Amino acid sequence: QVQLVESGGGLVQAGGSLRLSCAASGGTFSMYNMGWFRQAPGKDRDFVAVISRSTGNTYYSDSVKGRFTISRDNAKNTVYLQMNSLKPDDTAVYYCAARFGVNTRTTKSDYPYWGQGTQVTVSS
């Protein structure tokens, strides 16, 4: 059973940057593919980025490609989401998710473990 705790959210002006962190415990972190999702008010929870457990391969949604970077530090059991050039449309609660397995996934139903979320608000 993996427990996930996000941090690093906050209020930032458009064009600014934030780095989110997600600390994992209770499992072998290096065995999990790690994803970030976000949910804006009144909308569904959408895929943002994923990083594979072993090769570190990454994949991004079109809406954040080129602006966001996902990374992981297996020694610290932590996954990060560096967010640059933020836009008001990036405002959402950001969730970290974990999935045990070989292949990366972009569908939220494929992830059994979730953090509590951290709020990101981008002002115009």
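Everything numeric in this text was worked out from a predicted model, so none of it was measured. If you read the sequence from its start, that first residue is 1, and numbering goes on from there.
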ask   = Are the side chains of Pro112 and Phe100 in touch, meaning some heavy atoms are under 4.5 Å apart?
value =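 Answer no - side chains too far apart.
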ask   = Can you find a heavy atom in the side chain of Leu4 that is under 4.5 Å from one in the side chain of Tyr95?
value =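 Heavy-atom side-chain distance check fails, nothing below 4.5 Å.
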key: Residue pair Ser52 / Asn33, side-chain donor-acceptor N/O under 3.5 Å   =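 Looking only at side-chain atoms, Asn33 and Ser52 do not form any donor-acceptor pair under 3.5 Å.
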message = Under a 3.5 Å threshold, yes or no: a donor from one side chain and an acceptor from the other, between Ser61 and Ser63?
response =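 Side-chain D/A pair, Ser61 to Ser63: present.
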May I ask whether [X] and [Y] are part of the same hydrophobic cluster, defined by side-chain heavy atoms of I, L, V, M, F, W, Y residues being less than 4.5 angstrom apart, directly or through others?
X      : Y     : answer
Trp114 : Val2  : no
Phe47  : Trp36 : no
Phe29  : Val50 : no
Val122 : Leu20 : yes
Tyr59  : Phe37 : yes

Nearest 0.5 angstrom please: [X] [atom1] to [Y] [atom2], how far?
X      : Y     : atom1 : atom2 : answer
Glu6   : Thr78 : CD    : OG1   : 12.0 Å
Tyr113 : Tyr32 : OH    : OH    : 4.5 Å
Asn57  : Ile70 : CG    : CD1   : 11.5 Å
Met31  : Arg53 : CE    : CZ    : 4.0 Å
Tyr94  : Leu81 : OH    : CG    : 7.5 Å
Arg72  : Met34 : CZ    : CE    : 6.5 Å

What are the two closest non-hydrogen atoms of [X] and [Y], and how far apart are they?
X      : Y      : answer
Pro88  : Ser124 : CG-CB, 3.9 Å
Thr104 : Ile51  : CG2-C, 4.3 Å
Gly9   : Val120 : CA-CG2, 4.2 Å

Heavy atoms from other residues, nucleotides or ligands near OH of Tyr60 exceed 12 (cutoff 6.0 Å) =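 Atom OH in Tyr60 is crowded, with more than 12 foreign heavy atoms closer than 6.0 Å.
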inquiry  = Counting only heavy atoms not in Lys65 (residues, nucleotides, ligands), do more than 12 fall under 6.0 Å from its NZ?
reply    =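 Yes, the 6.0 Å shell around NZ holds more than 12 heavy atoms from other groups.
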Is a donor on one side and an acceptor on the other found under 3.5 Å between the side chain of [X] and the backbone of [Y]?
X      : Y      : result
Arg99  : Asn103 : yes
Tyr80  : Thr69  : no
Gln116 : Val5   : no

task = Determine the sole option in Asp44, Asp90, Asp46 for which the salt bridge (charged side-chain N to carboxylate O under 4.0 Å, His left out) test with Arg38 is passed.
result =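 Looking at Asp44, Asp90, Asp46, the match for Arg38 under the salt bridge (charged side-chain N to carboxylate O under 4.0 Å, His left out) is Asp90.
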inquiry  = Would Leu86 and Phe68 count as a side chain to side chain contact (heavy atoms under 4.5 Å, CB included) here? Give the steps.
reply    = CA-CA 9 Å; Leu86 283 161; Phe68 291 11; 3.8 Å; yes
key: Pair Met83-Arg67, side chain to side chain contact (heavy atoms under 4.5 Å, CB included): steps then yes or no   = CA-CA 6 Å; Met83 305 185 296; Arg67 299 188 298 122; over 6 Å; no
